[in-house]
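Just follow the structure's listing: the first ligand is 1, and inside any ligand the first atom is 1.
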Amino acid sequence: MNDSIASPDKAAQEPAAPRYNFRAAEPRWQKAWDDKACFAVPDVPPAGAAKYYVLEMFPYPSGKIHMGHVRNYTLGDVVARYKRARGHLVMHPMGWDAFGLPAENAARERGVHPAAWTYQNIANMRDELKRMGLSLEWAREFATCDPEYYGQQQKLFLDFWKAGLVERKESWVNWDPVDGTVLANEQVIDGRGWRSGALVEKKKLSQWFLAITKYAPELLEALGGLDRWPERVKLMQSNWIGRSEGARVRFALTAPVEGVGEVEVFTTRPDTLFGMSFLAVAAEHPLAAAAAARDAKAADFVAECRSMGTSEAVIEQAEKKGYDTGFRVKHPFTGEEYPVWIANFVLMEYGTGAIFGCPAHDQRDLDFARKYHLSVTPVVLPKGADAATFAVANEAFTEDGVAFNSGFLDGLDVAASKRRAIDELEKLGAGNGVVNWRLRDWGVSRQRYWGCPIPFIHCDDCGVQPVPDDQLPVRLPEDVDFSKPGNPLDNHPTWKHVACPSCGKPARRETDTCDTFVDSSWYFARFCSPRAEVPVTTAAVDGWLPVDQYIGGIEHAILHLLYSRFFSRAMKATGHLTVEEPFAGLFTQGMVQHESYKGADGRWLYPEEIDFSLAPDGARTATVKGGNEPVTIGRVEAMSKSKRNTVDPGAIIAKYGADTARWFILSDNPPDRDMEWTESGVAGAYRFTQRVFRMVENALPTLPPAGTAPEAEGKALRRATHRCIATVTEALETFAFNVAVARLYEFANAIEAAKDAPGGAKREALEMLARLSSPMMPHLAEEAWSLLRPGTDEMIAQMAWPEADPSLLVAESVTLAVQVLGKLRATIEVPVGASEDAIFAAAESEENVQRAIAGKPIRKRIHVPGRVVNLVV
Ligand code: ANZ
Ligand code: ZN
């Protein structure tokens, strides 16, 4: 039995039913919305307008949309259409996050110019998005690679520079020797470059930085006010910002090294100072360099650390290794001497790049101490443990306890002991209490062509000079050579040679371009006045920001959202914005998953390469199409190109229509959970679209004219209709879109079951079916509406959301428990508002109740409205 899975071809074979021709209808409605500019809003919302800004994370123009886009943009469109119907002035724009490496790779591999490649991809994807029937205002569209956009970004960059928010610093970077570029920590995966797979090295370079750390306290504190953000995202941001309270402690070297007499460490546990057994510095620390200069083995060890990259994840997992420099330091409290090691787990970029090791109370220090036979002295005693016998074996004790073996700290709990230790350090001039942040300044330099040029000029005499305003935008040169390795801007024969804007002598243009996260950190603001000759116009951003509902993937929980939050603050500091938080509401959607398939030789197969059948025992089996090679049906996992378990949205929309794709993607699971894409699920959604259409078409001859008041005898159907209005509304308000879909399925069943309902009530029901499903299936809704209201030029896209009639929502009857002498004997249904006499009569007439009364006189009748009747005999 082949092809047991329902398909629209099967629906096509169903007998002589009127069929909804989505292929004609969908483009027709898209054009109608366009012609009436249904989704256009002014740059400045008029006074008193209830503005609502819905935004989905804009896509990278890779060439084709994927199912993740379909889910993301469908969710946003439901919100946009619903809020519009609720009377909001909705801005819902779309654009392209268009700079980035893949365009350059395409240039290298296929000889196509990055701009041509990118704009062609944008054209394709724009068409695909348009076919989805999204209520977007395309007039606001831009790509971040448009000079009109990145030129404004250069202005912002210069404004930030004037405000002291841009710095040029030497820093250790992850260097990808194959791609010839700096990598962000996130681009280093298991110590290798994310694209090239090359082992990443550390290198010191002069880089451009945005001073995000200046806002670390604010960025942390303001998370508390983001009450429409997922807790999970706020927690991730807070960990990323990473505030820790502790102390800086200065240790005197027993003999100065290159004229320096001390080493400073950062610690969150000054209470454990008496448990110290060594001091350790990062491989990039000056003391390590000093050791390397005198000792070839130290130099080897430093080089080994350098090849490890700077990614924290790698450092976390790597085996702890060290090298004893031979330098020694004095303990500030005891005067005892301890060795100074170079350790691979100490990061130069955190704290001071140096630590004191307390193995008894820190696991890394303990692993290190065991490996190199360093002392382990516990100084915090667990509650109830015996000081005489307590020892640390292979697990550090990191919880609260009481200080011991610690001189003047003995007997204090950890918090008190920390305070006391800091007091003492401050008294001795050997340290002080500090707050430390994990957040680093944002290195934005990339040695790439396809990015926004950083607008500076280097002059040997005048130093770094900003590009003058009248020379902006600094445009990318078009004639570039991608055949040589390295940065094509740097390799370009003429582009970088310019006159110094200050002295006029020959100077060099900056050839670094911006990290593409810069481009996406302010695009939401640019959408408010996308053609302005300034980065943003005040009236527009004041009118539209913050974004009321932002929707996107959890993978952007940290960087993109944090950078955008920083940008709003920096734009406020430079007079561009008045808001600090760009996104008032955030929704993170789950992933779209699919079964994965493997051929007999273990290669991954695309779903469309496979035939399915049902075995006699009901199990699904699969073979490769056009043969009998068996296929293993694998796990359901996130769609990915590498596993070939992807489904092309373009093909789905061509086969079933956009409404079907939208309806199915909303129906399966709550939007924040992962959902499984199945062929049978899509086919089911497709059948529903056909069914709704047939219901409307079949009913038309029996319906009274539009505007006919629903009849009193139609009350049962009317109650179902108004309950559906209420429940769908509630579901749409709370992002429970799968619930809205489920209610509409039930409602369709109720309409079909109400065959004998009078025409007016039926018309009302069908009209509501169309209107309530319109955020999810906008084309079908319009089509149904136009059938129900022939000759109307009113579109659902422009109509107000229906209101439920409260009188049709109240329950008509209540269920009461009937007790005799407190014992349950029956339950009765009585009409709402029935008199007590009628209620008691109904209760006493129940057979079971009569039996319990057994003819005795009733001494007392008790009625608790809505709950219970109790008869006392
Ligand atoms: C001594 C100590 C004793 C520590 C103890 C912990 C437990 P957070 O909370 O993340 O801020 N540390 C400091 N600078 C470091 C660096 N550059 N690279 C690697 N580790 C570093 O962590 C602060 C703790 O991490 C500090 O407190 C220090 O170890 C270590 F029982 O100092 B602690
Ligand atoms: Zn100059």
Side-chain angles (χ1 to χ4, degrees), residues 172 216 238-249 251 263-285 287-288 305 308 310-312 314-316 318 320 322 331-332 338 341-369 376-380 392 395-401 403 405-406 409 414 417-418 421-422 425 431 433-440 456-468 498-509:
W172 289 97
S238 134
N239 289 338
W240 189 263
I241 298 168
R243 179 183 195 275
S244 3
E245 281 181 20
R248 289 196 170 209
V249 184
F251 289 86
V263 200
E264 193 177 40
V265 307
F266 169 69
T267 177
T268 48
R269 296 294 304 275
D271 60 305
T272 64
L273 268 165
F274 284 93
M276 171 171 187
S277 83
F278 61 93
L279 190 145
V281 300
E284 301 81 15
H285 193 277
L287 268 184
C305 290
M308 203 168 63
T310 61
S311 150
E312 267 175 57
V314 174
I315 289 165
E316 205 67 47
K320 312 279 166 286
H331 194 287
Y338 292 96
W341 286 65
I342 306 169
N344 68 349
F345 65 87
V346 181
L347 305 166
M348 193 57 213
E349 297 78 21
Y350 191 71
T352 61
I355 64 156
F356 82 83
C358 175
H361 304 293
D362 182 281
Q363 193 60 45
R364 285 179 310 182
D365 295 350
L366 183 60
D367 296 345
F368 192 78
V376 179
T377 311
V379 289
V380 181
V392 164
E395 204 179 316
F397 175 69
T398 57
E399 271 138 68
D400 197 9
N405 296 335
S406 291
L409 299 175
V414 168
S417 176
K418 280 183 186 175
I422 290 172
L425 287 167
V434 291
V435 171
N436 195 63
W437 301 85
R438 192 180 165 277
L439 187 67
R440 303 279 71 131
F456 288 91
I457 291 165
H458 302 270
C459 172
D460 288 337
D461 291 349
C462 316
V464 173
Q465 296 293 313
V467 172
V498 288
C500 168
S502 174
C503 72
K505 281 198 219 142
R508 277 161 294 110
R509 201 182 267 304

>> With side-chain contact (heavy atoms from CB on, under 4.5 Å) as the criterion, how do N405 and F274 come out once you've worked through the C-alpha distance, each side chain's angles and the decisive distance to 0.1 Å?
In response: CA-CA 7 Å; N405 296 335; F274 284 93; 5.9 Å; no
> Can a salt bridge be assigned to the pair D365 and K320 using a cut-off of 4.0 Å between side-chain N and carboxylate O?
Replying inline: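 No, this pair does not count.
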> side-chain hydrogen bond (donor to acceptor under 3.5 Å, both in side chains) with D362: which residues, sequence neighbours excluded?
Replying inline: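 So D362 forms no side-chain hydrogen bond (donor to acceptor under 3.5 Å, both in side chains) with any residue.
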Under 3.5 Å: N or O atoms of ligand 1 paired with protein N or O:
from, atom 1, to, atom 2, distance (Å)
ligand 1, 10 (O), Y350, OH, 3.4
ligand 1, 11 (O), S244, OG, 2.6
ligand 1, 11 (O), Y350, OH, 2.3
ligand 1, 17 (N), L347, O, 2.6
ligand 1, 17 (N), Y350, O, 2.9
ligand 1, 18 (N), L347, N, 2.8
ligand 1, 20 (N), R364, NH2, 3.2
ligand 1, 27 (O), T267, OG1, 3.4
ligand 1, 27 (O), T268, N, 3.0
ligand 1, 27 (O), T268, OG1, 3.2
ligand 1, 32 (O), T267, OG1, 2.7

>> Tell me the angle that SG of C500 and SG of C503 form around the Zn ion (ligand 2), rounded to 10°.
In response: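 It rounds to 110°.
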>> ring-ring contact (aromatic ring centres under 6.0 Å, His included), that's the test. Do F278 and F368 meet it? Break it down for me.
In response: CA-CA 10 Å; F278 61 93; F368 192 78; 5.1 Å; yes
>> What I'd like to find out is whether the side chain of L273 reaches to under 4.5 Å of the side chain of H331, using heavy atoms alone.
In response: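 Yes, side chains in contact.
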> Between CG of N436 and CZ of R243, what distance do you get to the nearest 0.5 Å?
Replying inline: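 Answer rounded to 0.5 Å: 10.5 Å.
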